[in-house]
Structure formats: structure tokens, C-alpha cells
Amino acid sequence: LGSLSAEQRQFVDVARAAAAAQGGPGTKLGDLRRRIGPPAAGGVAEEVWRSIAAAVAANGGLEPAKLGFARTDRLALKHLSKRYEALAAVLAGFGMEHVELHVSEQRAGVARAITREQPIVCLGADVAQAATPATRFLLGRALASTIAGIGVAADLRDEEIVVCFAAAIKVAEVAAPASGPLGEILARAGDPRLVDERARALAKQMSRRDRKTLAGVLGGDGASHLGDPLIWRRGAVAFVNRVGLLLAGDLATSLDILDLGRGGRSLVDSPIGLDIVAWAVGAAHLELRRELGLTPSPSPAVGGFGRHA
């Protein structure tokens, strides 16, 4: 516990105080989503993805063992504070008391969320300790991905995302006129045989409850509000990165991890990079850090945020 930095210790104290003030664990996640945004991260597209995300992950074989985690790496949350106090405080502060947590000394730098009925979070021990801005950024992203139910959506190619949504439309068995949003997604997905194959695979893995939820979301007026799955995915990834920055408090480190600026890809050509920079210096981010009691971030002109200026 003595290795906690002053900012980590401050965050631990603030998270515990916030949980106690609410009479129980957890920041209201709906409020967190609303304040961190962006709006494109939610809506009907998110509801559709949440209904199929566990099935998509299962079809891809994504599980802790595939990420290099052993059965002995699973930790009980009630014992977490003895070894990873900062992580325990963040989980409590975000109201994430029902996740399945795996932590491994051998998987340094790993921070992945796996969508299941009980969400799974896999972390390297260094990320769980959250001792540096880099590990706090990775931790924040993994937890935000769990909150938003994004899972593997961040890793899929654009065309794969479209096919997944088209397959979801098939599974829901709802009308999809060519001139409407659902018909447009089916057309963009391309080969109908590929969509049908993906739909069968999803249906095989989906629970009855998820299939019922999906049909309800896409039936009636829901279909007309679906929007572009790729815009949703971009907004969801932006939300994940914003939470990472909120915990890290260091824009330069965040951009390095995203491979943006300096030796990485150009910020000018990256909507994700431009989003995190704009949010970093915006009033909403700075106000949220103050409310959480986190140490105020440096001025954009110098230090932390300024190293990529």
C-alpha cells in the first residue's frame, strides 16, 4: 500500500467517500455516461450491441485463457483491497461490484474487457496497481469498456461491425425495408450468405432473454433511430478513451498509448485523437476531475497536457 502515489491515495479516499455518501458502492453509471459522452456512444445502436456482444465474443473464442490468464489468476473482489487498493476503490466508485476479475503478474500491460452476462475484466498486475499514468489509462479504458458493454467492438474492422449489426437484424426477425435504416445496413453488409451465416452463429450463442431484448429494440420505432453502427462505435471508443484520460490525468501518455502524435499517427487525421484532445481541455473534463477530488491537471500550455502541443 505504501507504493500508492499521492494522486492514487487521493483517488482512493475520494472514491470511498463518494460511495459512502450514496449509502452504497458506486457512481451512478448513467450519469457518468451522460457527462463523459459523447452522445453517439449510446442510443439504439448501443442497445443492439449489448444484446449481441456476449455472443460475438463467444463466437470469437474470447476468454481469459485465450488472453494468457490461468484459473488461479481469478480474484475475489472482497479480497481485492488487500493487494490492489486503488483498483478496489475505482471499481467501488464506478459501482462495478459484479465483475469477474482476473489479474496476472505474467501479463504486464494487458487490460481487456470480455462481455458476458457477468462481465469479465482481465488485467496485468501492473495495470491493477495503477501506479503510473499509463497503467491508469489502460485500467480506465478496460473498465469503461465494461460499463458501456463495448467488448470486442473496438477491435473489429468497420466491415465486421456492419455485418454484426446486419446479422442482429436477421436474428431479431423484424421487417427491414430497403429504404429504411435496417435495409440500408443489410445492403452495406454485402454478401447475404455471410450475413445469414453470422446470424446463425449469433442465434446459437444468444440467450433467450437477449434475443427477446433485441427484437424489442429493433421492433416498432426503435429501428428508425438505429443510425450508423460505425458512428456509434466511434463514439463508444471515444467514451472509453475519455474515461482512461480521466483516471490517467496525462494527455501525452494517453496519446502515446493510442499511437498518436510525435512518432505515431498524425492527430490531424484521427477523429479519435482529436476527440480526446478536445475533451482533455474542455470544461466538462476539468469539472469532473475537480468533483472527483483528483489533482487538477496541468495547463494545456505546459507539462502533462502540453507535451503534445
Side-chain angles (χ1 to χ4, degrees), residues 4 8 11-12 15-16 19 25-30 32-33 36 41 46 49-50 52-58 60-156 236-248 254 257-258:
L4 292 179
Q8 285 176 288
F11 188 85
V12 168
R16 287 176 174 166
T27 297
K28 294 180 179 178
L29 299 185
L32 184 70
R33 293 297 307 279
I36 295 179
E46 179 179 305
W49 181 258
R50 282 184 180 275
I52 67 172
V56 174
L62 188 59
E63 57 186 25
K66 191 170 182 179
L67 296 175
F69 288 80
R71 291 184 179 180
T72 54
D73 293 327
R74 184 172 177 178
L75 296 182
L77 296 188
K78 62 182 179 181
H79 301 311
L80 190 61
S81 60
K82 296 179 180 179
R83 297 178 60 186
Y84 303 106
E85 187 179 7
L87 173 59
V90 175
L91 289 174
F94 284 173
M96 301 176 66
E97 64 271 21
H98 299 300
V99 299
E100 178 182 315
L101 184 65
H102 299 252
V103 179
S104 172
E105 296 279 356
Q106 283 71 50
R107 303 298 294 150
V110 172
R112 293 293 300 271
I114 302 175
T115 305
R116 292 286 191 274
E117 185 171 348
Q118 179 185 20
I120 302 171
V121 178
C122 298
L123 305 172
D126 59 332
V127 178
Q129 289 164 352
T132 66
T135 55
R136 290 197 294 274
F137 181 74
L138 293 172
L139 174 62
R141 286 207 305 172
L143 298 185
S145 181
T146 304
I147 292 170
I150 295 170
V152 298
D155 304 319
L156 297 178
V237 171
F239 168 75
V240 166
N241 290 336
R242 289 179 183 192
V243 175
L245 176 61
L246 179 67
L247 266 61
S254 303
I257 293 173
L258 295 174

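Between L143 and M96, some side-chain heavy-atom pair lies under the 4.5 Å cut-off. A 4.5 Å side-chain heavy-atom check between L87 and L101 finds at least one atom pair inside the cut-off. Between H102 and L67 the shortest side-chain heavy-atom distance does not fall below 4.5 Å.
Rounding to the nearest 0.5 Å gives a distance of 13.0 Å between CZ of R141 and CZ of F239. Expressed to the nearest 0.5 Å, how far CG of L91 lies from NE2 of H98 amounts to 12.0 Å. Note that the CG atom of N241 and the CG atom of L258 stand 4.5 Å from one another [nearest 0.5 Å].
Screening residues 62-78 for side chain to side chain donor-acceptor pair (under 3.5 Å) gives no qualifying pairs among residues at least two apart or on separate chains. Evaluation of the side chain to side chain donor-acceptor pair (under 3.5 Å) test over residues 112-128, restricted to residues two or more places apart or in two chains, returns R112-D155.
The two residues I114 and C122 come nearest to each other via the heavy atoms CD1-SG, 4.2 Å. The nearest pair of heavy atoms linking V103 to A125 is CG1-CA, 3.7 Å. Residues A128 and Y84 approach most closely at CB-CD2, 3.7 Å, considering heavy atoms. Closest heavy-atom contact between S254 and A248: OG-CB, 4.3 Å. Here the closest non-hydrogen pair linking L245 and F137 is N-CD1, 3.5 Å.
Residues meeting the side-chain hydrogen bond (donor to acceptor under 3.5 Å, both in side chains) test with T135, sequence neighbours left out: T132. Legend: residues meeting side-chain hydrogen bond (donor to acceptor under 3.5 Å, both in side chains) with R107, ordered by chain and number and at least two apart, are absent. Here P119 pairs with V99, T146 under the side chain to side chain contact (heavy atoms under 4.5 Å, CB included) rule; sequence neighbours left out. Residues passing the side chain to side chain contact (heavy atoms under 4.5 Å, CB included) test with A111, sequence neighbours excluded: L123, V127, L138, A142.
Here the side chain of S145 pairs no donor or acceptor atom with the backbone of A113 at under 3.5 angstrom. Although no hydrogens or angles enter the test, the distance criterion places a donor-acceptor pair under 3.5 Å between the side chain of R242 and the main chain of I36. With hydrogens and angles ignored, the 3.5 Å screen pairs a side-chain donor or acceptor of W49 with a backbone N or O of I150.
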How far apart are the C-alpha atoms of V56 and L62, what are their side-chain angles, what is the distance that settles it, and do they pass the side-chain contact (heavy atoms from CB on, under 4.5 Å) test? CA-CA 9 Å; V56 174; L62 188 59; over 6 Å; no

